[in-house]
Amino acid sequence: MDILSSLNPQQIEAVKTADGPLLILAGAGSGKTRVITVRIAYLITERKVQPYNILAVTFTNKAAGEMRSRVQTLLKDEKIDSFPLLSTFHSLCVRILRQDIEKLEEGYTRSFTIYDTDDSNKVVKACIKDLGLDEKQLAPRFVRSAISSAKNRGEDVDLFTSRVEQTDERRAAMAKVFKMYEERLNKANALDFDDLLIKTVKLLRKSKDVRDKYNDRFKYILVDEYQDTNALQFAMISFLTEKQQNICVVGDDAQSIYGFRQADIRNILEFEQHFPDAKVILLEQNYRSTQTILDAADSIISNNTKQKKKKLWTANPGGERLFYFQATDSDSEGRFVASRIEEHRRRDASERIAILYRTNAQSRVFEESLRRLRIDYNIVGGFSFYERAEIKDIIAYLKMALNPFDDIALLRVINTPPRSLGKTSLDELTSRARQRDVSVWEMLCAIADDKIDQPVNLTPRAKEAMRKFKAVVEKLHEKAAEAAGGEKPVSDVVIAAIEDTGYSLMLRVENSDEAEARLENLEELVNAAVDYDKAEENGLRDFIDHAALISDTDKYDGNAGVTMMTVHMAKGLEFPIVFLVGLEDGIFPHSRSLNDQSELEEERRLAYVAITRAEKLLYVTHSMRRRVYGEEIVAEPSQFLNEMPLELIDDLSRGPSWLSYARSSTAKDSKDTITALRGERVPEKAKAVYTGKTYNSADAIAEFFKNRETRADDVRTASGSHRIDPANNESRNREKPLSGFDKLKALASDPKVQVPKSTIDEFSAGSHVRHSKYGKGLVLRREGTGDNVKLTVSFPGFGQKKLIEKYANLEKA
DNA sequence: AAGTAAATTTTTTTT
DNA sequence: AAATTTACTT
């Protein structure tokens, strides 16, 4: 059969092992998606499995869409009367619940609403407030994430509560919030993302009918990225495979990067225990990257202790060495990346390039530098279309139209556009609703219809406004009801939500550029609805579900020349050229992971994922200083840099860099290198190692001074002659090796601070100071001006201290 | 009640 | 530094 001809023996075996549990351990770039899609096609064409009986589950819509189109291509010549279901876990749950949630008998109806993280936060916040707890001590975001973690571990409120009963009152308070949160969501007929999984599992557990129904339907199940599944997803799979054991999971423990979302790596490590007859197939041949890139990835991941042994190999050529660049600050990092990209694009514009970073906040600098060079780029993540306020507003109207008990949606739009319902009236309305234990909508209706016996503390004007709002919603509800089943185009209702509610009028009256942009976004929403109608999907409800579950990854344009995204989002993708930026301790690995060994290992897997995205070229960069929260901080090179084989790296930094030290030293301890780089005193043993090596090299010194003059543009090397400051030049010969590191430190600091030392009268970030009590320390941050300058100084042995410059009586060290 | 000014917080990573 | 929340006017 020709679809198998492009596969290697292991892949063919993976495709042909149709029945029984199968674990495919697929290394990065080993043709995993190809195996899954060919396997689906094989089941249909060779094993004559009905497409309808096949389910493939992924984590993102993008992955599902990608598979769908590839399967479609493979099956284009086949006569088939159904199509396999390719879905994310969450969409599958919505599908099941929209059908049968009422069988749960928990009060939920099929018109339930989905709450996104934002909505959940609001509910948690309201609960904290209504329980009389202090928001300052119990941050809503923190509580929400604790609730979410518990849910994903499979803990419900009662279990959570019983577990914390004897412990501290903070956790007891969280349990109370958890309880109220669940009640509120139930009352609002709303499910959060986690509930989608929980309720599905509960439903499958409770109802044999439902279980049978889906067991009969899904005779063959495939799960992609199995290392990212959590306890709930595992439970769900267990139920779905109860009758048959045709479960094929694909994954790579080295790419498990969703532990923070309670993904449980044991699911993949213990697959053979869960499914005793399981067969295991290893895919170790990498088709994506050069040997050099694989070596770098392997070198890093081998520092992890908890890792299944697996060695990727490739028949690809060795390829180019990695490129390394050390920037003085984040701007110069941006300029370097942009200018290299410009060069690459000039040479071959067809080669796709990715800039990968640890956090979304890092994207800005690169956006600016690319824009300056007029290079088109695509940015994935950050603010998605469906997260824009105006889109969420209209979606909220639509959600209300289908489920008026959705308090969050109601409160979002009740005064948008302004309907003279301010804080006072709304507080009265909501607190009344809470008192009576009804939804806000029900209370509003009661007030509007004067069906309330007790006097209500509302002005006639407010009551009238509520009546009007009620009418608006009811009118929209009628239209929505027609579109919910599909009799009426979804786009009509979307337009009604924009026009009949006064929303577009509000924007047009504003007559500003911003309002204009918002109107355009709303037009986009209408367009999306029109497209939706054309695709003959399942009506308004489906459209809104789609909006709730669509993610940022889904708008990734595989043809874009330059793409920027987080490493997490890049998983599963590949690019000829990859820039992995911001490799600094505290950023990558992230500071929140530095204190926990298993979290650090997850960061390392993340680095592994990042590196293995590259096909031909990999750049790694870091900056010596960086703005965090609007403050300049000194940034140290990432420990992951030191875990790479240094001999595989080419240094593109201007002048001496972390790499040149790491290389010249025989010491493998990155911390010493970093300490030296910062200009601090290295512990005795390491100090000996550094003696003279680099700084007595004339080249290095020349480089250093050359670079001192090259501050406007880091990327191009300084041209023409460069003067050497006689004073400094002279001192060079007298200097002990270590003082050279001070110079390197100076190189890394802000050019503006590079004035003759005698005139420096301030202690900037990166400089060394002596304190009468704490001794020598390194200035980490400087904030404020004049007499109000505050310094954050790190004193070895004393930790970080915040000092007022005026009173601290510091001297230079 | 609504708009503006001031204060406070935010950054992991995502369905 | 930017965005969000709160406090303060009108």
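Just so we're on the same page: letters track the sequence lines, and every chain starts at 1.
Judged by distance alone, the side chains of Asp253(A) and Gln227(A) never bring a donor and an acceptor atom under 3.5 Å apart.
Cation-pi contact between Arg98(A) and Phe112(A): present, with separation from the ring centre below 6.0 Å and deviation from the ring axis of at most 45°. Because its NZ or CZ atom is both nearer than 6.0 Å to the ring centre of Tyr258(A) and within 45° of the ring axis, Arg261(A) counts as a cation-pi partner of that residue.
In this pair, Phe366(A) and Tyr357(A) present their aromatic rings parallel. The plane angle is below 30°, not in the 30 to 60° band.
What separates CD of Glu225(A) from P of dT14(B) is a distance of 14 Å, to the nearest Å. Between the CG atom of Asn61(A) and the P atom of dT15(B) there is a distance of 8 Å, rounded to whole Å. In this structure, CD of Glu631(A) is placed 14 Å from C1' of dA2(C), rounded to the nearest angstrom. One interatomic measurement links the two molecules: CG of Asp224(A) to P of dT15(B), which rounds to 14 Å at whole-angstrom precision. Look at CD on Glu387(A): it is 15 Å from C1' on dT4(C), rounded to the nearest Å. Residue Lys151(A) contributes atom NZ, which lies 18 Å from atom P of dT15(B) at whole-angstrom precision. Taking atom CZ of residue Arg358(A) and atom P of nucleotide dT13(B), one finds them 7 Å apart after rounding to whole Å. When the C1' atom of dT13(B) is taken as reference, atom CD of Glu602(A) falls 8 Å away, rounded to whole Å.
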Evaluate side-chain contact (heavy atoms from CB on, under 4.5 Å) for Leu356(A) paired with Phe579(A), printing each intermediate quantity in order. CA-CA 6 Å; Leu356(A) 306 182; Phe579(A) 288 81; over 6 Å; no
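For the pair Pro589(A) and Arg604(A), the minimum side-chain heavy-atom distance is 4.5 Å or more.
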Restricting both atoms to N or O, compile the protein contacts to nucleotides 9-11 of chain B shorter than 3.5 Å, with distance only.
| unit_1 | atom_1 | unit_2 | atom_2 | d |
| --- | --- | --- | --- | --- |
| dT11(B) | OP2 | Arg141(A) | NE | 3.4 |
| dT11(B) | OP2 | Arg141(A) | NH1 | 2.9 |
| dT11(B) | OP2 | Arg141(A) | NH2 | 2.6 |
| dT11(B) | O5' | Arg141(A) | NH2 | 3.3 |

Contact list (N/O, under 3.5 angstrom) for nucleotides 1-4 of chain B vs protein:
| unit_1 | atom_1 | unit_2 | atom_2 | d |
| --- | --- | --- | --- | --- |
| dA1(B) | OP1 | Gly422(A) | N | 3.1 |
| dA1(B) | OP1 | Ser425(A) | OG | 3.4 |
| dA1(B) | OP2 | Thr424(A) | OG1 | 2.8 |
| dA2(B) | OP2 | Asn415(A) | ND2 | 3.4 |

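Residue Phe260(A) is in base contact, counting any heavy-atom pair closer than 4.0 Å across all strands shown. Contacts of Tyr258(A) with the nucleic acid, taken as non-hydrogen atoms under 4.0 Å apart, involve only primed sugar atoms and P, OP1 or OP2. Within 4.0 Å (heavy atoms only), Asn360(A) reaches sugar-phosphate atoms of the nucleic acid but no base atom.
Taking the P atom of each, dT6(C) and dT11(B) are spaced 15 Å apart, rounded to whole Å.
Counting only distance, with no hydrogens or angles, the side chain of Asn415(A) and the backbone of Pro418(A) share no donor-acceptor pair below 3.5 Å.
Neither OP1 nor OP2 of dT14(B) sits under 4.0 Å from any side-chain N or O of Thr117(A).
Here the rule is salt bridge (charged side-chain N to carboxylate O under 4.0 Å, His left out) with Arg412(A), and of Asp407(A), Asp406(A), Asp393(A) only Asp393(A) fits it.
No more than 12 heavy atoms of other residues, nucleotides or ligands sit less than 6.0 Å from atom NZ of Lys468(A).
Checked against dT15(B), dA1(C), dT6(C), the side chain of Glu135(A) finds its nearest nucleotide in dT6(C).
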